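To keep things clear, I will list the structure first and then write my remarks on it.
All values reported here derive from a predicted model rather than from experimental measurement. Order of the sequence lines sets the chain letters (A, B, ...), proteins ahead of strands, with each chain counted from 1.
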Protein chains: 2
Amino acid sequence: MQKASIGPKSGSQPAVRADRKGGRTVSRQVLADHVYEELLASLMDGRLEPGAAVSIDGTARELDVSPTPVREALARLEHTGMVRRVALKGYRVAPVFTREDFAELMEARLAIEPVNARLACARLTPERFAELEQAVEDLKSAPRGPSFAEYKDYLEADERFHQLIAQQTGNQFMVSAYAALGGQVQRFRLFGGVGITDAEYAIAEHQSVLDALAAGHPEQAEAAMADHVQKVRARAMADAPAD
Amino acid sequence: MQKASIGPKSGSQPAVRADRKGGRTVSRQVLADHVYEELLASLMDGRLEPGAAVSIDGTARELDVSPTPVREALARLEHTGMVRRVALKGYRVAPVFTREDFAELMEARLAIEPVNARLACARLTPERFAELEQAVEDLKSAPRGPSFAEYKDYLEADERFHQLIAQQTGNQFMVSAYAALGGQVQRFRLFGGVGITDAEYAIAEHQSVLDALAAGHPEQAEAAMADHVQKVRARAMADAPAD
DNA sequence: CCGAGGACGCCCCTATAGGATTTGACCATG
DNA sequence: CATGGTCAAATCCTATAGGGGCGTCCTCGG
């Protein structure tokens, strides 16, 4: 192994590296975690396209690690639905969504996200509310060019908003239920062809949710979120190529 | 390695075994899958108690495999919430539920399962309905002794009923959303102290859901399921030791 | 044109080494 | 005698290296 990188002298570098951030040891990183995050980032920003093979050995070479941590990272990743595994054949990036997949995804979001909004309303703290406001601000100010790279920030803020609400429920199960969907939603935003036309309306809808939360009206927040998800679905079903 | 089991002569047995079931090759099993299922079974039927350490090396020795497939199995298992991992410290079986955890779990079920019942109603096929009926029958006929082992079948049928409804939605995301909760629910049934007193009422509630499905009334099915989950919560919160 | 054969790549798993942490015994001290 | 501290062994996590088996692709000869 050992490509042209900082080569340990004999393949026995310390198994663990104390990653430091801001001069303080954050939490000792394990190689598999690093691989996981690297793969996740590639998945989420479109570097790894749907259907592409994710070779264990290849990834290991690329990241200059042995296959074992890559296997572990992929095993975790599989559970998110972003990669699929076929025994003895390896991993592939999950295929693009069909219209049916998308409809199912939105149906699931519709079951979960309005409830999240309602629950979040009851437990909202000022700090968390500020974070939500920030996310909406970022949505408004993010550049929205025609290429993916140009509105990556927009997508990121969108995802962040929904994630924050899930976290705000204070319910670990709702958080992970949303997390399971959120990754897919984000991937769909990238590859499913959600147009930028989405943005103008979506911002207003996010604002409505935020307003309801600010006013402390759980039912209204729930309704606003349901409305948002339904409209996202309607817009996407209209825009998306009839596959 | 190599304990006193059917010993391959030099540590190079075929990496793959074509598992046969009913005379036909089902799908070639990978060792990691076997380990996964073994661990899952231990977790679900109470052999592995909450808080217990799940050593990689130890499990490997016990199942007579090398650590690598165990690592992979545990990595997948972690995402189910049944085991927790601390970097460089290893895996432990997730701790017992607190009252708060339980409340959160039921809140999440309340968000997801009634929706499942409603969706399932629309897409119910006769075969699947028969399976649901069977599950309720099994609930009624399962022995309900005082020890865990004696009403294991009861718990299994209970879990099966809810799982079938999730599958019946035809929505992959709802299936996995429920799956994420189902494992925890099952574990709580084992360790959380859901009494057998639960059974008499629960059977009637399941029957109500089934009736609504049979009648083809989605809203009624949704309401019946919501009612069931709420009552399960109420009974458990009353029974469970105030921890 | 086509089929056989070999080379390559990949998955899966074993064996094993290194570093860290815990355990337990043993000894010195109050 | 009890107690605390220290050092060594055991245990565990983490990661690497390597090998077996299988599929695939490319080439080369008919």
Does any part of the side chain of [Y], heavy atoms only, come nearer than 4.5 Å to the side chain of [X], both counted from C-beta?
X: B:Val115; Y: B:Met174; result: yes
X: B:Arg187; Y: B:Val93; result: yes
X: A:Met237; Y: A:Phe102; result: yes
X: A:Met44; Y: A:Glu156; result: no

Of the listed nucleotides (D:dA15, C:dC12, C:dA15), which one gets closest to any side-chain atom of B:Ser66? C:dA15
Students often get this wrong, so: under 4.0 angstrom with heavy atoms, is A:Ala32 touching a base, only sugar-phosphate, or nothing? sugar-phosphate
Distance check: side-chain N/O of A:Thr68 vs OP1/OP2 of D:dA15, anything under 4.0 Å? no
Output yes when at least one side-chain N/O atom of B:Arg71 is less than 4.0 Å from OP1 or OP2 of D:dC13, else no. no
Measure the distance from [atom1] on [X] to [atom2] on [N] and round it to the nearest whole Å.
X: A:Leu31; N: C:dA17; atom1: CG; atom2: P; answer: 20 Å
X: A:Glu62; N: C:dC10; atom1: CD; atom2: P; answer: 12 Å
X: A:Arg85; N: C:dC10; atom1: CZ; atom2: P; answer: 18 Å
X: B:Glu72; N: D:dC13; atom1: CD; atom2: C1'; answer: 17 Å
X: B:Tyr91; N: D:dC13; atom1: OH; atom2: C1'; answer: 10 Å
X: B:Leu88; N: C:dT22; atom1: CG; atom2: C1'; answer: 15 Å
X: A:Leu63; N: D:dA15; atom1: CG; atom2: P; answer: 13 Å

When you measure from the side chain of A:Asn116 to the backbone of A:Ile165, do you find a donor-acceptor pair of N or O atoms at a distance under 3.5 Å? no
Identify each atom pair where a protein N or O and an N or O of nucleotides 9-12 of chain D are less than 3.5 Å apart, giving names and distance.
from   : atom 1 : to      : atom 2 : distance (Å)
D:dC12 : OP2    : B:Arg61 : NH2    : 3.2

Name all pairs fulfilling the ring pair (Phe, Tyr, Trp, His ring centres under 6.0 Å) condition that reach into residues 56-88 of chain B, sequence neighbours left out, sorted by first residue then second. A:His79-B:His79
Go through the structure and list residues passing ring-ring contact (aromatic ring centres under 6.0 Å, His included) with B:Tyr36, not counting sequence neighbours. none
